2 protein chains.
Amino acid sequence: MNEQFRAHIEKLSTINDEQFDYILSFFKPKKLKKHSILISEGDTVSYEYWVAKGCLKASYVLQDGKERIIRFAMEDWWISDYDAYFKKNPATLHIECLEDCEVLVLSFDDREKLCKELPEMEYFFRKKIEGAYAAFQKRLISLLSSDAKERYDFFLQQYPMLHKRVSKSIIASYLGITRETLSRISNL
Amino acid sequence: MNEQFRAHIEKLSTINDEQFDYILSFFKPKKLKKHSILISEGDTVSYEYWVAKGCLKASYVLQDGKERIIRFAMEDWWISDYDAYFKKNPATLHIECLEDCEVLVLSFDDREKLCKELPEMEYFFRKKIEGAYAAFQKRLISLLSSDAKERYDFFLQQYPMLHKRVSKSIIASYLGITRETLSRISNL
DNA sequence: CTTTAAATTTGATTTACATCACACTTAAAA
DNA sequence: TTTTAAGTGTGATGTAAATCAAATTTAAAG
């Protein structure tokens, strides 16, 4: 896992062995069973998670119990309720493991400390969120501009690997449609 | 304008006079007439803009000429096509002044140089985009989970000032509905 | 002030997708 | 294996919002 994590960081920042050991000391590894819940609505969110193994969903749960998937995470992705984590608001999202998972946990305070002490990490996190922001913009365009079929095709093209790992009901909920509609459009 | 810009930066990073002068040297002031176009679809996007005065829209233009507003900008906000700017993709957005505007222009290369040379600015830009990302998450939840009326109410609550400055057709396009639908729900 | 254009409202009709209901299939427990 | 549950597919019906079509109000330009 550590080598995988180091490779992940070195995609954006070059660091030496000593620096990596120091960075790693801020992260706490954690194993989670399928269906484990990392964040529930209303929680104070002090952690974000880097996924070494497994697959998770972050969703908004409606009054009637239906849910909308806000984002997924799998190997090498990060996940949290970022509105709550960055802005110290109560969580609006529910984050749950869709498979058994292994993650590295980072607290907000440690993140800030790491950024202050290591410019390489401040750069890393800045670049990381720039990428996430750009991806979010694309998703928004897709949601505002495309019908269900087009959004599904865009999703398949963007996340072919996810399509094989998560149920169709969950993909439907990511696309903002019902599972019935997805079933109908997916064999067009 | 310079004092306004300095106050904007000092909301997140403390800087001295010398640093501010250095920072400012990277920004180029520009005056723009209403209807000026800053970015067109397909452009290479090398600049982002900090708004000192005025109001702009960033929109995605559909094949039939209809548009979806991806974001607005007004005093103290930043705007660009961030997918294109950060990821060096061709622009998908169209950015246009809704009023006469005054902006400060920053090139991508200067942004990176500034971040490398001044940790305060790397911190500033990281915090800035963390906030923008959190706001984007809220918008996504609103789009996926609410009907037209609820989204309009959320918009009014979040951006009361914008509501007074931009036309209803444009607000409708931000909400992902038609102007007719907005007209019907807005006097409910 | 007058003319022309842009923005908004209102009504009638259509449509994409949701909802409801149930059959069927696959996977996980007992 | 049998049982129970979770996931998927398909039809019938309902509905929020889109579309089409004017009418009206507001703003800009001559």
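Residue numbering restarts at 1 for every chain, and letters A, B, ... go by the order of the sequence lines. All of these numbers come straight from a predicted model, not from anything done at the bench.
- Screening B/K53, B/K34, B/K31, B/K33 against B/D100 for a salt bridge (charged side-chain N to carboxylate O under 4.0 Å, His left out) leaves a single residue, B/K33.
- Residue B/D147 contributes atom CG, which lies 10 Å from atom C1' of D/dA17 at whole-angstrom precision.
- Comparing the helix axis at one end of the helix from C/dC1-D/dG30 to C/dA30-D/dT1 with that at the other, each defined from 5 consecutive pairs, gives an inter-axis angle of 60° (nearest 10°).
- Surrounding OH of A/Y47 are at most 12 heavy atoms belonging to other residues, nucleotides or ligands under 6.0 Å away.
- Within 6.0 Å of the CD atom in B/E41, the count of heavy atoms belonging to other residues, nucleotides or ligands does not exceed 12.
- Below 30°, between 30° and 60°, or above 60°: for A/F124 and A/H8 the angle between ring planes is above 60°, a perpendicular geometry.
- Contact annotation for A/S167: backbone-only contact, meaning every heavy-atom pair under 4.0 Å involves sugar-phosphate atoms and none involves a base.
- Here the P atom of nucleotide D/dA28 and the NE2 atom of B/H35 are 9 Å apart, to the nearest Å.
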- request: In sequence, state the C-alpha distance, the side-chain angles, and the governing distance for A/E102 and A/W50, and then conclude on side chain to side chain contact (heavy atoms under 4.5 Å, CB included).
  value: CA-CA 9 Å; A/E102 290 176 43; A/W50 176 78; over 6 Å; no
message: Run the salt bridge (charged side-chain N to carboxylate O under 4.0 Å, His left out) test on B/R126 and B/E122 for me, step by step, so that the C-alpha distance in whole Å, both residues' side-chain angles and the decisive distance to 0.1 Å come before the verdict.
response: CA-CA 6 Å; B/R126 179 169 66 85; B/E122 179 124 59; over 6 Å; no
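- Screening residues 90-121 of chain B for ring pair (Phe, Tyr, Trp, His ring centres under 6.0 Å) gives B/Y85-B/F108 as the qualifying pairs, with residues at least two apart or on separate chains.
- A sub-4.0 Å separation between OP1 or OP2 of D/dA17 and a side-chain N or O of B/K149 is absent.
- Residue A/Y152 contributes atom OH, which lies 10 Å from atom P of D/dT8 at whole-angstrom precision.
- Annotation: cation-pi pair A/R111/A/F26 absent, no NZ/CZ under 6.0 Å from the ring centroid and within 45° of its normal.
- For A/L175 and C/dC17, the CG to P distance is 11 Å, given to the nearest whole Å.
- If you measure from atom CD1 of B/I170 to atom P of D/dT26, you get 19 Å, rounded to the nearest angstrom.
- Distance, B/L98 CG to C/dA7 P: 10 Å, rounded to whole Å.
- One can place CD1 of A/I177 at 13 Å from P of D/dT8, the figure rounded to the nearest angstrom.
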Can you pull every protein N or O that's under 3.5 Å from an N or O on nucleotides 9-11 of chain D?
residue: D/dG9; atom: OP2; partner: A/S183; partner atom: OG; Å: 3.3
residue: D/dG9; atom: O6; partner: A/R179; partner atom: NH1; Å: 3.1
residue: D/dG11; atom: N7; partner: A/R184; partner atom: NH1; Å: 2.9
residue: D/dG11; atom: O6; partner: A/R184; partner atom: NH2; Å: 3.3

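- Note on A/K34: nothing from the nucleic acid sits closer than 4.0 angstrom, heavy atoms only.
- Proximity of A/T178 to the phosphate of C/dA18: a side-chain N or O atom is located under 4.0 Å from OP1 or OP2.
- When heavy atoms are screened at a 4.0 angstrom cut-off, B/S169 is found touching the sugar-phosphate backbone but no base atom.
- Cation-pi contact between A/R139 and A/Y174: present, with separation from the ring centre below 6.0 Å and deviation from the ring axis of at most 45°.
- A/K164 places its NZ atom 21 Å from the P atom of D/dG7, with the value rounded to the nearest Å.
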